[in-house]
Student: 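Following this message is one structure expressed as structure tokens.
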Amino acid sequence: MQSTRIRRRKHATAIAVLVFMLTSCADAPQSMFSDAGTEAAQVARLFWVMLAGGTAIWAFVVGLSYYAAKVSPRGFDDKVGLRLIVWGGCVFPTVVLSALLFWGLGMMTDLRRPADGPTIAVSAERFWWRVAYGVEGGPGVARTLPTGGIASANEVWLPVGRRSVILLGSPDVIHSFWVPALAGKTDAIPGRVNRLVLEPTRTGVYSGACAEFCGTAHAQMGFRVVVVSEPEFNAHVQAQAAPAAVIGGAGAELFVRNGCAACHSVRGTPADGRIGPDLTHVASRRTIGAGLLPTSVASIAAFIRSTDHVKPGVEMPAFGMLPEAEIDAIAQWLGQLE
Ligand code: CUA
């Protein structure tokens, strides 16, 4: 009786976890099958065609093996064997692979259309994403990302229906920028700038991840891509360019006094650190800690108190030694910076 109850409870827990996982995916899809970009749609199509082709060929080969082993197990003469090798082993793969190659190359013309959207610089840091809007994307940025622009982090906004340019770089180790719902992966490599064009076709929020092992917190290096209409995009960039909404008060003072300002910038205040994410509009972002926790005063406080537990491997030290009241004041202030 009791074991049945325990089993039922286990089932209920498993279902709850599954529902949570599925709904959390639906919240911000991270799959090329829920494609919302031109390139992802092509990738998904290519996948289905290759899956169908692969399944058909597999079924044919298994059928042939069955035929040879069970239905007609007599030996073939050399002539038939040779013919099988020539047609099945040379001609058939050449034809199939060439067809796939030309079809794949044909996609390039669509994917290589010139960009007509904004240029956004994204630098892959350990272990978060530095984002800058309003940067110039000329040929001068071949080796280093453009500096300046309007700083943000871990959230990239894009206008729908436009071909936006993402300039990708990294100061130290190799990462990979991947938004499955929009496009394939592109590496962020120190010493060079890679160019990725994203053309979202549907508005919404999509999850991205780092797809190249880069260190301890590699798996906690997520981000969100928010696709909106062009006027909304422009309004967002304009809002991000403004100084912080609240530039004074206890939280702001404690932020500077406790050394947070050495790494973080909050524009409009004396905090102008460049090492960590710009926090000028941190509360306007959906997550903190690079896609790790939903933004709230409580999650900001938890992050400050014990970064090492919340995100093992993170570069920011834990500030658990500060009095709770100070952590709360800082978190309250940051929570107002929309
Ligand atoms: Cu950055 Cu993995």
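Each ligand, and each atom within it, is numbered from 1 in the order the structure gives. Predicted, not measured: the structure shown is a model, and the values here were computed from it.
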Student: Assess Met221: does it contribute an N, O or S atom lying under 2.8 Å from atom 1 (Cu) of ligand 1?
Tutor: yes
Student: When the ring planes of Trp48 and Phe33 are compared, do they come out parallel, tilted or perpendicular, using 30° and 60° as the limits?
Tutor: tilted
Student: When you measure from the side chain of Arg163 to the backbone of Leu111, do you find a donor-acceptor pair of N or O atoms at a distance under 3.5 Å?
Tutor: yes
Student: As an exercise, state the distance from CZ of Phe319 to CG of Leu254, rounded to the nearest 0.5 Å.
Tutor: 12.5 Å
Student: Only N/O/S atoms count here: what is the atom of His218 closest to atom 2 (Cu) of ligand 1 called?
Tutor: ND1
Student: For His264 and Phe255, take the angle between the two ring planes, folded into 0 to 90°, and tell me which bin it lands in: parallel under 30, tilted 30 to 60, perpendicular over 60.
Tutor: tilted
Student: So, 2.8 Å as the limit: is an N/O/S atom of His175 located closer than that to atom 1 (Cu) of ligand 1?
Tutor: yes
Student: From the N, O or S atoms in Glu212, identify the one nearest to atom 2 (Cu) of ligand 1.
Tutor: O
